[in-house]
Protein chains: 2
Amino acid sequence: MKIGLRHIRYFLVLAEDLNFRRASEHLHISQPALTRTIQHLEAELQVTLFDRSQNFVRLTDAGRAFREGGQRVLNGVEATIDLTRRISIGEAGALRVGYTDFAIADCLPELLKQFHQRHPGITVRPHHGVTAAQLQQLRDDKLDIGFVTGPVRQSGFRSRVVQTDRPICIVPEGHHLASRASVALADLADEDFVHGPTEAWAHFYDYLFPHCRKAGFQPRIVQEAFNSVGILGLVSCGMGITILTESIYDFATGGLVPLPISDIDDVMVTEAVWASENLRLPTQHFVDFLEQSDSHRLQGTR
Amino acid sequence: MKIGLRHIRYFLVLAEDLNFRRASEHLHISQPALTRTIQHLEAELQVTLFDRSQNFVRLTDAGRAFREGGQRVLNGVEATIDLTRRISIGEAGALRVGYTDFAIADCLPELLKQFHQRHPGITVRPHHGVTAAQLQQLRDDKLDIGFVTGPVRQSGFRSRVVQTDRPICIVPEGHHLASRASVALADLADEDFVHGPTEAWAHFYDYLFPHCRKAGFQPRIVQEAFNSVGILGLVSCGMGITILTESIYDFATGGLVPLPISDIDDVMVTEAVWASENLRLPTQHFVDFLEQSDSHRLQGTR
DNA sequence: TTTTCATGATACCTTTTATGCATCAGAAAC
DNA sequence: GTTTCTGATGCATAAAAGGTATCATGAAAA
């Protein structure tokens, strides 16, 4: 015969009462049933857990150890059952959220904060990644929600615009354009550009380069940085100029001048994107949350 | 029906195999028995743990959580059973050891180190206390073994001499006796003495004062310190002289001069003392250990 | 297509385990 | 003494777990 939770439950009540009859009443079983269960437990352990006499019952040293361990076990079982139930109804769980530099710089912090308030049991696990990487991770079920540079129109995904950014030109202090109130794209034709990694940033440049072509030039890339912070750093030390978004610029530490671009009318969108089917419950909750929050605060914050 | 360890064991094997038939073979039960056990588990939890199809079985998110928790529970049960068994045969446990300043200054560290080598599963819990306090704690079953200033001849206790100390006189550097090679007790009759707390140190002064009386004087106490370190401190800053043991003097930081006392022949004994009956297993092991170690290194080390 | 094979679920019966009732044996209280 | 606690035991019953045979379904083979 094997030890089961029943033995531990009975044992703990008896260890509390130190009286077979009273413990059996608390357990709503007969006294002989309790006596035999404890006997079986002791036989299986090959350990005497209680010193019995007609006058008193008390724990042995081994019994005390078993009480501590048994209590921990029961607590563990209860906690496990509770967590499992909560996960199954979507009250608890983990949500793997991907984000780009553009998303984390603007809408994401507030969005995640509000989501956490609504679903405090769901742990958000953020993963930084460029758009292409996030889409692949979504396909591989490595990610539940991505925040990417849109628009995303691949099949198998649904998406929702969460943020719009107007691109701005960023030049170092002292640059010959720095005193201008704004620039037109054509003004930048002869400038040196600092650039993000070409492949990884494809989604951003897919948006930007057509505008440059329309203005009659191909940006001259002189430096490639690893990420947006790196780009701003290279610009601030005079390696060239760049085009990014206002929210990214807010992260700059100084030595930079932002210039509106007069002849770009459309905006760069950041979208939340998720698989179109077989959503895990936390993901479904996040999608529902996104759609609800549309009624309150819509799209980009600037 | 309630969840038992059986359900968890079966579940974990199935979560590993993800195949009812193979899992049932690993469990040495029939496939229908496993199917029903898992059904009962899911019904009791009100949670679907496995996605089943004719082609594959896989864990749900909730199932993954239950697997982690269940594994922890089983590990906890196993560890608890193991510890309980080891305690019951005396392989593990706790030993509450009391000690005086005299004991800790000499024999105790080596003794405990050797005991730990022989019984690595037994945790020694040291409790500092003067002789009287330790004897009371032994009576109250707050302590298993005491190391006290002997001799102890109260009924209900057994004891064994573990250390003998020859008292020495300790004077500050520059004291008028400091240049002597040794002193006789009578030489100290007019000195100021620094003293331990009278009541707590009764067992030590019961040993010392009769010698003084025989030499024709009652020590003049000018300062009472809280413990032996305090006594040495007060002596070193010139408040008076004291009589302690050589092993205690080894703890002094400087500014002190030890002087043998020529006319004290007997020694101060430190004894291990324990209750004479109903010993806990760790205590019994320690007593056995003490009696064995007598054959190797006997009594005091100096 | 049809057949075969492997899967998990069910039905039915047997075995094992747990429980309750009645009772015993020993110590303490009266 | 007698009563009244205590925990333990014997026996019958109920509940749980297990085994065998079989079903339904979908994938792979013929």
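Residue numbers begin at 1 in each chain, while the letters A, B, ... track the order of the sequences. The basis for the numbers below is simple: all heavy atoms, side chains too, and nothing from hydrogens, waters or symmetry mates.
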Margin query: Would you say the ring centers of B/His128 and B/Tyr99 fall short of 6.0 Å from each other?
Written below: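 Yes, they do, as the ring centres are separated by less than 6.0 Å.
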Next item on the list: Could you tell me whether A/Phe115 and A/His119 have their ring centroids closer than 6.0 angstrom?
Entry: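 Under 6.0 Å, so yes.
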Notebook entry, point to check: Can a donor-acceptor pair under 3.5 Å be found between the side-chain atoms of B/Arg36 and the base atoms of D/dG19?
Noted result: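 Answer is yes: a donor-acceptor pair is held.
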Next item on the list: Look at the side chain of B/Gln39 and the base of C/dA9, then say whether one donor and one acceptor between them are separated by less than 3.5 Å.
Entry: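 In this structure, the two groups form no donor-acceptor pair.
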Taking [atom1] from [X] and [atom2] from [N], how many angstroms apart are they, rounded to a whole number?
| X | N | atom1 | atom2 | result |
| --- | --- | --- | --- | --- |
| A/Leu34 | D/dT9 | CG | P | 14 Å |
| A/Leu18 | D/dC5 | CG | P | 19 Å |
| B/Glu25 | C/dG8 | CD | C1' | 14 Å |
| B/Arg9 | D/dA17 | CZ | P | 13 Å |
| A/Phe50 | D/dG7 | CZ | C1' | 13 Å |
| A/Phe56 | C/dG26 | CZ | C1' | 14 Å |
| B/Asp51 | C/dT7 | CG | C1' | 16 Å |
| B/Glu44 | D/dA15 | CD | P | 16 Å |

[X] vs [N]: side-chain N/O to OP1/OP2 distance below 4.0 Å:
| X | N | result |
| --- | --- | --- |
| A/Thr35 | D/dA8 | yes |
| A/Arg52 | D/dT6 | no |
| A/Thr37 | C/dT19 | yes |

Could you please name the option among [options] that lies closest to any side-chain atom of [X]?
| X | options | value |
| --- | --- | --- |
| A/Pro32 | C/dC21, D/dG7, D/dG18 | C/dC21 |
| B/Val57 | D/dG18, D/dT20, C/dG8 | C/dG8 |
| B/Phe20 | D/dT9, C/dT19, C/dA9 | C/dA9 |
| B/Ile29 | C/dT19, C/dG8, D/dG18 | D/dG18 |
| A/Asn19 | C/dC21, D/dG7, C/dG8 | D/dG7 |
| B/Tyr10 | D/dG7, D/dG18, C/dG20 | D/dG18 |

Check: With distance as the sole test, does B/Glu271 use its side chain to make a donor-acceptor pair with the main-chain N or O of B/Phe147 at under 3.5 Å?
Finding: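 Pair absent, no side-chain N/O of B/Glu271 close to backbone of B/Phe147.
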Notebook entry, point to check: Can you find a pair of side-chain heavy atoms, one from A/Leu74 and one from A/Ile8, that are under 4.5 Å apart?
Noted result: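 Yes. Closest side-chain heavy atoms under 4.5 Å.
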Checklist line | Validation row: B/Val47, B/Glu42 side chains within 4.5 angstrom (heavy atoms) | finding: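 No, side chains not in contact.
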Check: Which comes earlier along DNA chain C counting from the 5' end, the contact point of A/Arg21 or that of B/Arg22, where each point is its nearest nucleotide?
Finding: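 On the 5' side of the pair lies B/Arg22.
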Next item on the list: Hey, which sits more toward the 5' end of DNA chain C by its nearest nucleotide, A/Lys2 or B/Gln31?
Entry: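 Mapping each residue to its closest nucleotide by heavy atoms, the 5'-most match is B/Gln31.
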Notebook entry, point to check: Which is true for A/Arg6 with a 4.0 Å heavy-atom rule: it touches a base, it touches only sugar-phosphate, or it touches nothing?
Noted result: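 The answer is sugar-phosphate, as A/Arg6 gets under 4.0 Å only of primed atoms, P, OP1 or OP2.
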Next item on the list: Output yes when A/Asp141 and A/Arg96 qualify as a salt bridge under the 4.0 Å nitrogen-oxygen rule, no when they do not.
Entry: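 A salt bridge links A/Asp141 with A/Arg96.
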